[in-house]
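Given the structure is predicted, the values throughout are model-derived calculations rather than measurements. Computation of the quantities below employed the complete heavy-atom set of this structure, encompassing side-chain atoms and omitting hydrogens, waters and symmetry-equivalent molecules. Order of appearance sets the numbers: ligands from 1, and atoms from 1 within every ligand.
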Amino acid sequence: MTSQPEPLRAILRRAADHLLAARCSEDLDEASLEADLLYGRASGLDRAHVIARGAGTPSTASVEAFDVLLARRLRHEPLAYILGQREFFGMTFEVGPGCLIPRPETETLVEAALAAVTEHPRARRLVRVADIGTGSGAIALAVAKHAPSTKVWGIDVSGEALQWAARNMRRFGLMERVVLLTGDLAEPLSEPIDVLCANLPYVPTEDYEGLPEEIRASEPQIAVEGGTTGIELIARLAEQLPAHLAEDTAAAIFELGAGQAGFVEDLVTAALTKAGRGPLDVRVHRDLRGIRRIVEVRYGYPNA
Ligand SMILES: C[S@@+](CC[C@H](N)C(=O)[O-])C[C@H]1O[C@@H](n2cnc3c(N)ncnc32)[C@H](O)[C@@H]1O
C-alpha cells in the first residue's frame with residue numbers, strides 16, 4: 001500500500017511537537033514559529049510563504065534539508081546559529097559560533113545611546129561613540145545606522161567575534177563610519193569618546209553553571225561569564241573612563257544583570273568624580289521585564 005503524501009502543515013505540526021517535547025521551545029506557538037523558520041531556511045522561503053504552502057506537499061529535497069536542521073535544533077543548538085541570523089533593533093544580523101546572539105534587552109541600551117547622541121551638544125556635527133565588547137557589532141552598528149552623525153568604534157578581545165562584527169558592518173554598508181579594533185576594554189581607543197556603551201559579560205562565575213545548556217554549550221563563555229562578582233570587567237572599564245571620555249560632555253552607558261545597577265552606579269560615579277568630572281547625571285533604564293538593566297552616567301549635557 002502506498003502512503004498518502006503528507007501536507008507540509010502536518011510535517012511542521014509534528015516537528016513543533018518534537019521541539020516542545022525536547023524543551024527547545026517554551027510553548028506551542030514558539031515551537032510552531034521555530035518549525036516554520038527552520039523549514040523556511042531549508043527551502044529558501046520566508047515564513048508567510050511557508051504558511052501559505054501548508055496544504056501542499058513539499059519536495060523530498062526540502063523535507064530532507066529540513067530534517068537536518070530540525071535534528072540540530074533538537075540537540076539544542078541555538079535557533080539563531082542554525083538560521084545564521086538574528087533580528088536586533090529592526091536589523092538582521094549575521095551570527096554564528098564565536099559571537100553572542102544579540103538579546104532583546106540590549107535594545108534598551110541602544111535606545112539610551114541614541115538619546116545620548118541626539119542630545120549631545122555635538123549632535124549636529126560628529127558624535128564619537130564606542131561600543132566595548134562589540135560581539136556581533138549589534139550595538140555599534142545599530143547606533144551607526146540610526147544616528148548618521150556618529151563615528152563608532154567597536155572593540156572586542158575576541159578575534160572570532162570581530163569577524164562577525166566585520167561581516168555585519170559590510171552587510172549594512174557602514175565601513176565609512178565604523179572602526180573595529182581588537183583589544184582589552186577601552187585600551188585600543190586613541191580618540192576621546194562622547195558616548196561610550198558597554199554590554200560586557202556580567203554573569204557571576206557561580207551562576208554561569210546554572211545557565212541553560214543551550215547557552216553554555218554554544219555561546220562563548222568569554223561573552224557571558226563576568227568573573228566572581230560578575231562585574232569585574234565593568235569595574236575595570238569604570239577605572240578607564242576618565243582617560244577615554246571627552247572632558248567637556250560625555251555619557252557612559254552599561255548593560256547589567258538584575259541586582260547589579262547600584263554597584264555599577266557607585267563604581268562609575270566614583271571613578272568620574274575622582275577625575276573631577278561632573279556634576280553627574282545618573283539614570284537607570286528598565287528593560288521590558290521591568291529589570292533595572294541599564295545604568296547611564298552623563299556630564300556636561302545642557303539642561304541636565
Ligand atoms: C555580552 S557580549 C555582548 C556582545 C554584543 N555587544 C551584544 O550586545 O550583543 C560581551 C562581549 O564582550 C567581549 N569581551 C569579553 N571580555 C572583554 C575584554 N576584556 N575586552 C573587550 N571585550 C571583551 C566578549 O568577547 C563579547 O563579545
Side-chain angles (χ1 to χ4, degrees), residues 78 80-81 85-114 129-146 152-169 172 174 178-189 193 195-205 207-208 211 215-216 218-241 243-244 252-258 260 264 285 287 293-295:
Y81 281 2
Q85 58 187 45
R86 170 55 52 97
E87 293 292 315
F88 178 80
F89 216 78
M91 298 158 76
T92 304
F93 283 80
E94 291 188 32
V95 294
C99 78
L100 188 99
I101 301 162
R103 305 295 205 268
E105 52 268 30
T106 305
E107 296 189 340
T108 307
L109 188 156
V110 174
E111 279 163 10
L114 288 173
V129 178
D131 171 24
I132 313 297
T134 196
S136 62
I139 298 168
L141 299 171
V143 170
K145 175 157 191 277
H146 289 86
V152 183
W153 286 265
I155 298 173
D156 208 291
V157 78
S158 158
E160 241 185 318
L162 281 176
Q163 285 182 16
W164 288 104
R167 281 170 85 146
N168 286 313
M169 178 179 72
F172 300 122
L174 290 167
V178 176
V179 178
L180 298 173
L181 300 169
T182 317
D184 182 45
L185 302 177
E187 267 174 18
L189 292 169
I193 294 299
V195 176
L196 181 142
C197 314
N199 177 19
L200 286 162
Y202 52 68
V203 176
T205 305
D207 295 351
Y208 180 76
L211 290 180
I215 296 175
R216 280 182 296 117
S218 300
E219 295 189 85
Q221 187 165 349
I222 194 180
V224 179
E225 193 208 318
T228 313
T229 62
I231 55 172
E232 266 101 326
L233 285 166
I234 298 172
R236 272 211 295 126
L237 180 57
E239 291 296 323
Q240 296 180 355
L241 289 177
H244 295 286
I253 308 172
F254 296 86
E255 179 173 327
L256 322 155
Q260 295 175 337
V264 172
H285 306 268
D287 68 15
R293 182 67 67 187
I294 309 292
V295 164

Exercise. Numbering the atoms of ligand 1 from 1, which are under 4.0 Å from a heavy atom of Asp184?
Worked result: 18 (C), 19 (N), 20 (N)

For this session: Quick one: do Phe89 and Lys145 satisfy side chain to side chain contact (heavy atoms under 4.5 Å, CB included)? Show the steps, please.
Result: CA-CA 10 Å; Phe89 216 78; Lys145 175 157 191 277; over 6 Å; no

Problem set entry | Gly183: numbered ligand 1 atoms lying under 4.0 Å from its heavy atoms | 20 (N), 21 (C)

Quick one: side chains of residues 159-167, donor-acceptor pairs under 3.5 Å with protein atoms, not counting sequence neighbours, listed by atom name and distance.
| unit_1 | atom_1 | unit_2 | atom_2 | d |
| --- | --- | --- | --- | --- |
| Trp164 | NE1 | Pro97 | O | 3.1 |
| Arg167 | NE | Glu94 | OE1 | 3.0 |
| Arg167 | NH2 | Glu94 | OE1 | 3.0 |

Exercise. Of all heavy-atom pairs between Glu225 and Pro201, which one has the smallest distance, and what is that distance?
Worked result: O-CB, 3.4 Å

For this session: List the steps and the verdict of salt bridge (Lys or Arg N to Asp or Glu O under 4.0 Å) for Glu219 and Arg103.
Result: CA-CA 12 Å; Glu219 295 189 85; Arg103 305 295 205 268; 2.7 Å; yes

Exercise. If you measure from atom 21 (C) of ligand 1 to every heavy atom of Val224, Thr134, Leu185, which option wins on shortest distance?
Worked result: Leu185

Problem set entry | Atoms in ligand 1 with a heavy atom of Pro102 nearer than 4.0 Å | 9 (O)

Problem set entry | Contacting atoms of ligand 1, where contact means under 4.0 angstrom from a heavy atom of Thr106 | 8 (O)

Seminar exercise, completed: For Ser158, the atoms of ligand 1 under 4.0 Å from one of its heavy atoms are 25 (O)

Exercise. For ligand 1, does Asn199 get within less than 4.0 Å through its side chain, its backbone, both, or neither, judged by non-hydrogen atoms?
Worked result: both

For this session: Give yes if a backbone or side-chain nitrogen or oxygen of Ile132 is under 3.5 Å from a nitrogen or oxygen of ligand 1, and no if not.
Result: no

Exercise. Which of these passes side chain to side chain contact (heavy atoms under 4.5 Å, CB included) with Val143: Val195, Leu174, Val110?
Worked result: Val110

For this session: Could you tell me which atoms of ligand 1, counted from 1 in the order shown, lie closer than 4.0 angstrom to a heavy atom of Ile139?
Result: 6 (N), 8 (O)

Seminar exercise, completed: ligand 1 atoms nearer than 4.0 angstrom to some heavy atom of Leu233 are 16 (N), 19 (N)

Exercise. Is there at least one pair of N or O atoms, one from Asp156 and one from ligand 1, spaced under 3.5 Å apart?
Worked result: yes

